[in-house]
Protein chains: 2
Amino acid sequence: MVHPAEDVRPPTMADVAREAGVSHQTVSRVLSGHPNVRAATREQVTLAIERLGYRRNSAARALVTRRTRTLGVIAVNTALYGPASTLTGLEEAAREEGYLVSTVSLRTGEAQGLKDAIDHLASWGVEGVVAITPQRSHVQALAELDAPFPVVTVEGGHQLDLPGVSLDQELGARMVTEHLLAAGHGTVWHVAGPEDWLESEARTAGWRAVLEESGIRPPRVLTGDWSPLSGYRAGQELAGLALARRGTTPVTAVFVANDQMALGVLRALREGGIRTPAQVAVAGFDDIPEAEYFPPPLTTVRQDFAAIGRRSIGLLVDHIEGRARTAEHLLVEPQLIMRASTRPPHEA
Amino acid sequence: MVHPAEDVRPPTMADVAREAGVSHQTVSRVLSGHPNVRAATREQVTLAIERLGYRRNSAARALVTRRTRTLGVIAVNTALYGPASTLTGLEEAAREEGYLVSTVSLRTGEAQGLKDAIDHLASWGVEGVVAITPQRSHVQALAELDAPFPVVTVEGGHQLDLPGVSLDQELGARMVTEHLLAAGHGTVWHVAGPEDWLESEARTAGWRAVLEESGIRPPRVLTGDWSPLSGYRAGQELAGLALARRGTTPVTAVFVANDQMALGVLRALREGGIRTPAQVAVAGFDDIPEAEYFPPPLTTVRQDFAAIGRRSIGLLVDHIEGRARTAEHLLVEPQLIMRASTRPPHEA
DNA sequence: CACGCTGTTGTGAGCGCTAACAATCTACCT
DNA sequence: AGGTAGATTGTTAGCGCTCACAACAGCGTG
């Protein structure tokens, strides 16, 4: 069976020109909104375009303008709430700016994978890349890669000379810690995220700073790997300490570096017979949608992912279009969300 | 200040040809792996490519071959675990097939947004689109749009003549319901997802079918909107029924259409003083990473998102390359994950 | 030794578009 | 009326690549 329709090529600018009785250049002018085209001519062309269902060929355009108007996004762990939300924000912002955005998700942040991703995107002629690289080693690898186009990091810290956008993690951690101290707790314990993660370093730093400024010696830091399970383990340890009640600083408040680990901590405390928040207050970070329904609803820090996406695309486009040359770093403000998990007992 | 480096154009095939002392066509042959090139010549060309850091210009290539090797993905609600995971699977599979994939995330599934997304992708010359369209209305809109390229749906059902890939939602629901009946429950209540969602229809259908096959009259269906809050409300109602214990079918087992709502149900039951699973067993659907750490760990149905991604890209590429003409629909098998939330009391 | 075959390489055209320039047509001024 | 600036339109030359075809070498064969 023959499918003649498959051999019909889509109409070209020349077809439209013929249909409208003008030159292809006039069609081009109409399409790119050039002012010097008579209204009547413009009308003719527009009509012809509609009649033929014409569409500009982006490859031909890219070839002659040397602009693909394509951006790449490289992200690790895109199934997590944070990266996934950032991705949406990025994508929308890019579309508004008239760019196509192509995402590469990596399972792990190995240097080789990053290199391959950059390569894949480069071979498609992307004009710039946003990299969601929350681990120090990623950023390091990225900086050494020396990509042939501008790269903007998200949550990439600002120690290297790559431009980037981050949430003010340290401020978020300060807000939580201050909130707990204000509620009357003598100190605040901390379950940190894994080493090498910039977010986890910054959150720990903010927590530590507040305690030290209040003249409190920070207790030993417990460490997890962001997973509920690791939080559960840390929670068991904390439950033990809370019950033992001797030798160490009393455990009455815990700032957990993300909501998922906080879920594990809550479970461990509950299993240890410890009531939250009556005996131990718990706070998280991220405000995942489930946080509001944890037992009890979790106090946490919300990140404005859409804003992060918008600003990083803005920064990238500035670099591409030559409006920015410096390794600028933007910070987005976090928001403290107070819920039952840190409510002082007398208010409960 | 002048940046001379910016005026240097990237090397072209002609540059490589000159460097290697061959014609541009020979370079092209080496690049596309044509067999009839002498080994020594190939070597020369490869070296020259390396020396110059040459990269094929994808726009020029696309222009002449009329193949952009670009795929589009349209997804609604990408911040949710399911769509986000599918996205990763899709993206990896496409990359392996040598395609660039560009994602458009929509917040809502309105027909206009879908149309704009298709338009955006079409203007970049994508060769096909995978649409993650879990609502009946999306699929309807999509079918009416009549895109200028093949479209494959994910979780789009198979009533329309669009090819697609879905998890066997009905089978998953059957597995859960059978599991609960086998555990000795006289009936199974159901908290469904919102209407218009194909997944929620299929899950309800599977649940209903098992009950009817066992000669049990299905209890009234409660409905939520996938959110923990809506699950919480349904849970309050169920808690009331469980405690009232008269007039209605006893509430001892609940199949909730997704894990997030199950979280809400668990909380409501707990607040109503009902123990899970001792008094009421609860099961969910999706197996989000948190499910294992719910109070108690949730029995649920796992979906193989990577497989769904792989198979839908495979199907799409078959259509693009003319290997498939039918509106084939593939089903991926779900997996029941048994945890404490449905453990029979005597095993607990 | 002419012939045809296969393997290898080169030449020329053209994909659909934009940018630069040229040509023409107005409108307005002196 | 003549001249000129400005608006409007057309012409031409590539962008960097692949495809179709031509050219030529080396080889075995009748």
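These numbers come from the heavy atoms of this one structure, side chains and all, not from hydrogens, waters or symmetry mates. Predicted, not measured: the structure shown is a model, and the values here were computed from it. A, B, ... follow the sequence lines: proteins, then strands. Residue 1 opens every chain.
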Rounded distance (Å) that lies between atom P of C/dG14 and atom CE of A/Met13: 20 Å

Report the C-alpha separation of B/Val332 and B/Val165 in whole Å, then their side-chain angles, then the decisive distance to 0.1 Å, and conclude whether the side chain to side chain contact (heavy atoms under 4.5 Å, CB included) test is met. CA-CA 7 Å; B/Val332 173; B/Val165 178; 4.0 Å; yes

Could you give the CZ-to-C1' distance, from A/Arg42 to D/dA7, as a whole number of Å? 13 Å

Does A/Arg38 make a side-chain N or O approach to OP1 or OP2 of D/dT9 shorter than 4.0 Å? yes

Would you check if A/Pro150 and A/Leu316 make a side-chain contact, meaning some heavy-atom pair closer than 4.5 Å? yes

Check whether any side-chain nitrogen or oxygen of B/Ser23 sits under 4.0 Å from OP1 or OP2 of C/dG10, and answer yes or no. yes

Presence of A/Thr41 side-chain N/O under 4.0 Å of D/dT9 phosphate oxygens OP1/OP2: yes

Does A/Asn36 place a side-chain N or O at less than 4.0 Å from the phosphate oxygens OP1/OP2 of D/dT8? yes

Closest to side chain of B/Thr12, choosing from C/dG10, C/dT18, D/dG16: D/dG16

Between D/dG14 atom P and B/Leu63 atom CG, what is the distance in whole Å? 17 Å

B/Thr88/A/Thr78 under side chain to side chain donor-acceptor pair (under 3.5 Å): CA gap, chis, key distance, verdict: CA-CA 7 Å; B/Thr88 309; A/Thr78 40; 3.0 Å; yes

Is there a side-chain contact between A/Arg29 and the phosphate of D/dG10, meaning an N or O under 4.0 Å from OP1 or OP2? no

Rounded to whole Å, how long is the line connecting atom CD of B/Gln44 with atom P of C/dT9? 11 Å

B/Val64, nearest nucleotide to its side chain (from C/dG10, C/dC17, D/dC17): D/dC17

Under-4.0 Å side-chain N/O to phosphate OP1/OP2 contact, A/Thr26 with D/dG10: yes

Test side chain to side chain contact (heavy atoms under 4.5 Å, CB included) on B/Asp196 and B/Gln140; report intermediate values, then the result. CA-CA 11 Å; B/Asp196 188 47; B/Gln140 192 69 46; over 6 Å; no

To the nearest Å, give me how far apart NE2 (A/His24) and P (D/dG14) are. 15 Å

Examine distances only and state if a side-chain atom of B/Glu91 and a backbone atom of A/Val104 form a donor-acceptor pair shorter than 3.5 Å. no

Taking only the side-chain nitrogens and oxygens of B/Arg66, find out if one of them lies under 4.0 Å from OP1 or OP2 of C/dG16. yes

How many Å lie between CD on B/Gln25 and P on D/dC19, as a whole number? 8 Å

On the nucleotide C/dC15, are OP1 or OP2 found under 4.0 Å from the side-chain N or O atoms that B/Arg61 carries? no

For A/Arg18 and D/dT9, give me the distance from atom CZ to atom P, rounded to whole Å. 19 Å

Whole angstroms only, please: what is the NE2-P distance between B/His34 and D/dC17? 18 Å

